[in-house]
Amino acid sequence: MLQMVVCVKQVPDTAEVRINPRTNTLVRAGVPAILNPYDAHAVEAAVQLKEKYGGQVTALSMGPPQAEEVLRRALGMGADRAILLSDRAFAGSDTLATSYILAAAIRAIDRETPVDLVFCGKQAIDGDTAQVGPGIAARLGFTQLTYVMAIDGVDLEKRQIQVQRKLEDKREVIRGRLPALLTVVKDLNELRYASLPALIRAARATITTWSKDDLDLDPASIGLKGSPTSVRRIFAPPARPGGELIPGEPRQAAAILVAKLVQTKIIADK
Amino acid sequence: MAERFEVVVVGAGPAGLAAALTLARAGVEVIVFERGEHPGSKNVMGGVLYRHPTEAVVPGFYHQAPLERPVVEQRLWLLTGEAALTLGYKDMVFAGEPFNAFTVLRARFDRWLADQAVAAGALLINETVVEDLLWENERVVGVRTGREGGDVRAEVVVLAEGANSLLTQKAGLKPDGINTNQLAVAVKEIIALPREKIEDRFNLEEGQGCTIELLGEATKGMLGTAFIYTNKDSLSVGVGVLLASLVRRRLNPNDLLEHLKSHPMVRSLLAGGESKEYQGHLIPEGGYQAVPKLYGNGVLVVGDAAMLVNGVHREGSNLALTSGLLAARTILAAREKGDYSEANLAPYRRALEESFVLKDLKKYQGASFFFDQNPQFFTLYPGLLSRAAREFLTVDNVPKRAKQKRILREITAARSRFQIARDLYSLWRVMG
Amino acid sequence: MAGEPAPVSWELLGAGRQLAGALKVELAGVLLGQGVEGLANEAWAYGADRVYLVEDPVLGPYRTAPYARALVELVQRYRPEILLLGATSMGRDLSGAVATALGTGLTADCTALNIDPATRLLEQTRPAFGGNVMATILCQRHRPQMATVRPRVMPLPPRQEGRQGELVRVGIDLKEEEALATVLEVIEEKGKAVYLDRAEIVVAGGRGLGSRENLRLLEELAGVLGGTLGASRAAVEAGWLPPEYQVGQTGITVRPKVYFAIGISGAIQHLVGMQNADVIVAINKDPEAPIFKVATYGIVGDFLEVVPALTEEFRRQLAARST
Ligand SMILES: Cc1cc2nc3c(=O)[nH]c(=O)nc-3n(C[C@H](O)[C@H](O)[C@H](O)COP(=O)(O)OP(=O)(O)OC[C@H]3O[C@@H](n4cnc5c(N)ncnc54)[C@H](O)[C@@H]3O)c2cc1C
Ligand SMILES: Cc1cc2nc3c(=O)[nH]c(=O)nc-3n(C[C@H](O)[C@H](O)[C@H](O)COP(=O)(O)OP(=O)(O)OC[C@H]3O[C@@H](n4cnc5c(N)ncnc54)[C@H](O)[C@@H]3O)c2cc1C
Ligand SMILES: Nc1ncnc2c1ncn2[C@@H]1O[C@H](COP(=O)(O)O)[C@@H](O)[C@H]1O
């Protein structure tokens with residue numbers, strides 16, 4: 001039996017986010033919100049472990065009431081219950097405050113039944129920070145296993161998990177003690193196509209909402225106040241100045257270009 | 001052990017959502033299936049959403065719904081190669097409550113409408129295709145979806161699947177196959193443009209919108225129209241023509257859209273815009289005669305699937321919403337009696353006959369056939385009118401009376417006075 | 001750290017030198033590991049004034065817990081203003097744990113670092129929302145100001161052979177049981193892109209190639225120049241090149257001397273991965289393609305004609321020079 005928590009975040013589909021160049025503000029209106037793609041793989045991983053070893057999967061999200069939607073998605077994929085952490089006081093949290101709040105919620109779950117595994121995505125595609133997972137692990141004192149691309153197995157007796165981590169140009173096989181926090185990459189698994197009964201159950205489920213008063217929190221550590229970083233400004237990526245177009249037929253243009261590159265020794269003989 | 005609901009709605013477009021919302025509010029257990037990622041994600045509509053029929057479904061919707069711009073001006077352009085004869089009506093009354101119409105992006109609007117239905121208690125299941133109907137004793141008793149464990153049983157199934165109405169065919173309400181004379185093909189592109197540019201180019205006050213319908217060269221003279229609608233920070237540009245004429249002319253709709261976009265008068269409106277998305281879709285434009293059987297034992301059909309589109313006025317969503325609403329009311333009445341057989345669903349057709357939906361379709365029932373048989377309205381007249389206008393407006397020291405004579409000569413050379421008189425009379429018969 | 005240090009470490013020293021100069025403070029490097037003392041020379045050569053060295057058998061293979069503990073203790077003892085780490089998998093794994101333990105702010109994956117002279121604050125600039133947006137982030141009241149820095153974005157500083165600095169050996173009481181994890185095996189991934197991020201010449205192709213077969217033309221060009229192939233996401237998604245070759249926001253950042261963008265439109269997510277190239281050459285048949293806005297040199301034309309012509313010209317002109 002494994003008691004598992006999966007942290008899922010609702011993110012804007014970043015393919016559609018733009019900057020308004022005049023006001024330098026994010027144009028987010030109408031940008032669809034989705035389940036952070038890495039988090040979907042985290043849910044899948046937890047559900048697969050539940051199927052293998054038994055246990056329970058809780059999906060946990062911090063966000064506005066609309067974040068319910070990604071929790072339902074997790075339920076449709078097989079999570080057993082969903083908890084939404086939603087409170088105005090959470091707004092403006094950076095990764096430090098976010099991991100503080102999520103860790104507090106996991107502690108509350110842990111008090112009901114001790115938690116063995118926490119799953120996060122490798123990173124959230126809006127902020128791309130990859131910091132919340134390690135932050136939660138650090139606060140809970142859990143074994144931190146990031147960039148997990150394969151779960152070889154769990155030894156419930158010895159309270160160990162063996163995973164493979166995906167690093168730049170190598171793969172690492174590592175065994176860690178439970179409780180552990182895993183952040184996962186997409187290679188870990190294929191997402192399932194949910195069954196209709198699961199989707200109907202998810203659509204019907206009531207989602208537990210916890211506000212700041214339901215958790216043991218220091219008000220100075222949450223929201224804007226609890227966030228050491230602040231955004232000074234956002235802007236459209238600066239364009240690198242363009243250069244010259246080389247005219248002419250392909251052969252002519254090629255000759256001119258090559259001459260430029262070779263003469264200026266930008267490309268020299270090897 | 002299939003899941004059970006009182007009503008299954010197939011398709012989360014305006015028709016299906018209007019039905020689901022109305023039913024859910026009355027406490028009916030209703031489930032809506034949508035094959036797209038979200039309601040609206042597969043939708044192509046231009047589009048103009050009309051206030052009145054929408055309010056019948058969600059009163060005061062314009063206070064919360066994601067709308068683009070209230071339409072204060074409607075323009076009609078008769079296009080020729082380089083020119084356009086334009087006609088317009090602008091009315092500032094339309095800029096404020098209670099409004100007349102709005103431009104919308106359906107991907108946003110449908111999602112919002114679906115949220116209302118869900119809040120009222122409907123269950124919405126996205127990314128799920130209804131593949132077939134379940135039958136028992138010649139009545140529809142549910143649907144089969146493409147997912148594992150995918151059967152759902154229901155007392156009534158509402159088919160709101162849009163123009164590509166395969167299930168309506170399977171239900172035996174509509175003949176199989178595609179009738180190219182009853183379907184138009186439309187393609188649409190959304191072109192991003194900064195707000196201020198839109199307001200400058202279209203001469204609009206901040207936040208207000210306009211629509212342009214284009215005829216003539218806009219469709220290479222084929223039966224159909226093109227449109228340009230102003231959204232908040234994008235334009236919806238599209239062309240729709242009868243499938244039969246496309247096939248006859250061996251053209252593809254993408255070429256038509258490119259042709260339209262490259263017209264000098266259109267090009268300048270779009271200049272500097274960034275193409276955001278491109279989609280094609282069918283519009284059922286068979287009119288009154290093509291409306292299928294609208295109900296059977298345990299099944300009703302609404303919206304585009306029921307061919308409820310007014311091709312002449314480019315209306316569809318309003319007929320869809322209204323038919324969804326009327327279907328829901330019919331179901332509620334049948335529910336009182338606890339019997340969803342054909343006889344108890346028949347009042348749906350009568351309700352449509354009494355509403356503007358079938359009245360309007362009846363009024364224009366001859367239009368599509370008429371224009372198809374009389375292509376001169378789309379090929380010859382726009383050019384003649386435009387040349388006449390050019391002649392008349394060119395200042396070149398020719399006396400005006402002489403100009404008028406020359407214009408008349410040119411027109412009557414192309415089509416005799418008798419023919420023109422006959423055209424005008426029959427046009428009045430069909431449209432009046 | 002175990003094995004070879006990531007080259008970004010030296011890039012960080014280059015960036016750190018500038019920041020330290022602006023603040024008029026010292027620049028220190030941190031060496032954690034077992035048998036890594038020799039690397040101190042490298043750190044000095046790339047600009048460190050001082051090196052803090054923690055050597056311990058527990059720090060042999062990288063594991064989060066002992067590394068984090070060691071770094072947290074160093075920070076608490078020596079109280080730096082700014083702490084920079086490379087935004088590699090390991091760097092990001094470590095920085096998240098360390099920042100949390102220190103209760104300070106952390107900015108991930110920075111592409112520019114500056115000191116605001118008025119406030120002496122570190123301005124940390126990074127892409128967000130899939131590269132569509134840049135954000136400048138401050139950490140006003142907490143210390144250290146922590147950032148991870150994207151590899152290949154900061155230039156590698158010149159190596160000053162023989163430059164010496166101070167070595168501070170620090171003993172930290174680490175226990176194997178507290179490591180929480182054991183590395184059983186490290187498997188080198190074969191067939192990886194040959195260090196695309198370190199290539200001096202990258203010949204990259206996009207959807208415009210049209211087919212895998214056409215890749216041959218790029219291989220020939222790369223062959224003549226001793227360059228490495230790269231790809232846009234579209235080309236990777238088409239299956240023409242494996243994911244390791246993808247340049248951009250969700251791929252690798254490159255900083256070559258010359259970057260050839262062939263049949264690549266120049267989407268912002270691609271640009272963020274290559275716009276630090278010294279020279280960008282764009283070949284595209286669409287004169288409106290955004291890639292031309294950033295290209296040093298552009299040729300409008302069909303790559304099927306342009307690329308073979310280029311290959312031949314390079315072959316001819318390079319041969320002419322070397323004789
Ligand atoms: C280019 C264009 C411009 C238009 N402009 C206007 C305009 O300006 N104003 C206006 O009023 N009307 C306009 N229309 C018409 C309008 O779009 C339609 O009349 C209206 O959308 C019909 O609503 P509906 O609910 O019947 O169908 P749809 O909106 O088509 O909805 C049907 C839904 O059912 C889903 N579905 C289909 N089959 C299945 C299945 N088997 N299982 C599950 N889900 C399924 C589809 O994904 C879709 O979401 C336009 C149409 C087009 C194409
Ligand atoms: C969150 C996110 C992350 C992303 N990350 C990355 C990333 O890391 N890297 C990346 O590359 N993309 C990334 N993308 C995708 C990116 O937005 C673009 O879709 C992609 O870069 C386009 O690739 P392309 O330029 O090869 O293709 P296209 O945009 O289709 O361009 C093909 C070009 O080839 C030209 N062409 C066609 N035929 C010829 C010919 N015969 N001769 C010459 N030119 C020709 C065309 O004119 C066109 O300009 C990401 C997108 C998102 C949303
Ligand atoms: N608000 C949140 N609610 C739940 N999980 C989150 C939240 N923010 C981040 N996470 C988790 O932390 C991972 C990394 O996020 P980030 O550090 O923001 O890149 C995500 O993939 C999620 O699993």
Side-chain angles (χ1 to χ4, degrees), chain A residues 14-15 17-19 26 94-96 99 125-131 133-135 137-139 143-147 167-177 228-235 237 239-240 242-246 250-251 253-255 257-262 266-267 269-270, chain C residues 64 88-89 92-93 96-97 100-101 104-109 123 128-130 132-142 180-189 192 225-226 257-258 268 272 275 279 281 292-301 305-306 309-310 313-314 317-318 321-322:
Chain A
T14 53
V17 177
R18 290 276 177 288
I19 275 264
L26 279 185
D94 72 356
T95 57
L96 190 75
S99 64
I125 60 166
D126 52 354
D128 285 325
T129 73
Q131 287 168 190
R139 291 181 188 279
T143 308
Q144 174 176 324
L145 301 168
T146 50
Y147 306 102
L167 304 176
E168 276 80 10
D169 41 17
K170 54 189 183 236
R171 195 149 45 98
E172 183 181 83
V173 185
I174 185 165
R175 187 186 297 140
R177 227 183 276 166
T229 61
S230 55
V231 178
R232 157 163 279 189
R233 65 181 192 120
I234 55 172
F235 51 101
R240 172 191 167 115
E244 53 178 311
L245 274 188
I246 298 178
R251 311 202 112 268
L257 173 66
V258 171
K260 280 181 189 285
L261 293 177
V262 173
I266 293 167
I267 290 185
D269 198 13
K270 293 168 281 172
Chain C
T64 314
T88 58
S89 311
R92 293 177 84 165
D93 180 278
T100 308
T104 190
L106 168 60
T107 307
D109 219 14
E123 297 179 325
F129 293 100
N132 291 310
V133 170
M134 301 297 290
T136 301
I137 291 171
L138 301 180
C139 176
Q140 288 179 287
R141 286 186 306 274
H142 297 67
L180 302 178
T182 320
V183 176
L184 305 173
E185 194 183 350
V186 176
I187 303 158
E188 297 290 330
E189 296 280 22
K192 277 264 179 173
L225 299 174
K257 282 194 185 153
V258 187
I268 183 71
V272 298
Q275 61 193 2
V279 170
V281 176
F292 287 123
K293 295 211 182 90
V294 302
T296 328
Y297 302 112
I299 296 181
V300 178
E305 297 172 23
V306 178
L310 273 179
E313 272 300 323
F314 272 121
Q317 294 199 27
L318 288 176
R321 281 185 75 86
S322 57

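Keep in mind that this is a model prediction, so the values were computed, not measured. Chain letters run A, B, ... following the sequence lines, proteins first, then strands; residues in each count from 1.
- Heavy atoms closer than 4.5 Å to chain A are found in the backbone of C/Ala295, but not in its side chain.
- Here C/Thr296 contributes atom OG1 and A/Lys260 contributes atom NZ; the two are 11.0 Å apart, rounded to the nearest 0.5 Å.
- Looking at A/Ile246, the atoms closer than 4.5 Å to chain C (heavy atoms on both sides) sit in the backbone and in the side chain alike.
- Expressed to the nearest 0.5 Å, how far CZ of A/Arg232 lies from CD of C/Gln140 amounts to 7.5 Å.
- Using a 4.5 Å heavy-atom threshold, the side chains of C/Phe314 and A/Leu261 count as touching.
- Contacts of A/Arg171 classified as salt bridge (Lys or Arg N to Asp or Glu O under 4.0 Å), with partners at least two apart in sequence or in another chain: C/Glu189.
- Contact of the A/Gln144 side chain with the C/Asp93 side chain is registered, since non-hydrogen atoms from C-beta on lie closer than 4.5 Å.
- If you tally non-hydrogen atom pairs under 4.5 Å between each of A/Arg175, A/Glu172, A/Arg177 and chain C, the highest count goes to A/Arg175.
- With chain A as partner, the option from C/Thr182, C/Asp109, C/Val306 having the largest number of non-hydrogen pairs under 4.5 angstrom is C/Thr182.
- For the options C/Val300, C/Val281, C/Val183, heavy-atom pairs under 4.5 Å to chain A are most numerous at C/Val183.
- The OG1 atom of C/Thr107 lies 7.0 Å from the CD atom of A/Gln131; values are rounded to the nearest 0.5 Å.
- Proximity to chain C involves both the backbone and the side chain of A/Ala255, based on heavy atoms less than 4.5 angstrom apart.
- Side chains of A/Glu168 and C/Ser89: a donor on one and an acceptor on the other come within 3.5 Å.
- Side-chain contact between C/Leu184 and A/Ile174: absent, with no pair of heavy atoms (C-beta onward) separated by less than 4.5 Å.
- Considering all non-hydrogen atoms of both residues, C/Ala309 and A/Pro250 come closest at CB-O, 4.1 Å.
- Chain A forms the most heavy-atom pairs under 4.5 Å with one residue out of C/Arg141, C/Glu185, C/Lys293, C/Gln275, and that residue is C/Glu185.
- Looking at C/Thr104, the atoms closer than 4.5 Å to chain A (heavy atoms on both sides) all sit in the backbone: N, CA, C or O.
- Per-residue heavy-atom pair counts under 4.5 Å with chain A were compared for C/Leu310, C/Leu138, C/Thr64, and the maximum is reached by C/Leu138.
- The choice from C/Ala97, C/Gly301, C/Ala101 that makes the most heavy-atom pairs within less than 4.5 Å of chain A is C/Ala97.
- Using a 4.5 Å cut-off between heavy atoms, C/Val258 touches chain A through its side chain atoms alone.
- Side-chain contact between C/Thr100 and A/Arg139 is present, with heavy atoms from C-beta onward closer than 4.5 Å.
- Between A/Val231 and C/Thr136 there is no side-chain heavy-atom pair separated by less than 4.5 Å.
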| request: Evaluate the side-chain contact (heavy atoms from CB on, under 4.5 Å) criterion for residues A/Val173 and C/Ile187: first the C-alpha distance (whole Å), next the side-chain angles of each, then the deciding distance (0.1 Å), finally the verdict. | output: CA-CA 8 Å; A/Val173 185; C/Ile187 303 158; 3.9 Å; yes
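- By the 4.5 Å heavy-atom criterion applied to side chains, A/Leu96 and C/Leu106 are not counted as neighbours.
- C/Lys257 meets the salt bridge (Lys or Arg N to Asp or Glu O under 4.0 Å) test with C/Glu200; sequence neighbours excluded.
- Counting all heavy atoms, side chain and backbone alike, A/Asp128 lies closest to C/Ala108 at O-CB, 4.3 Å.
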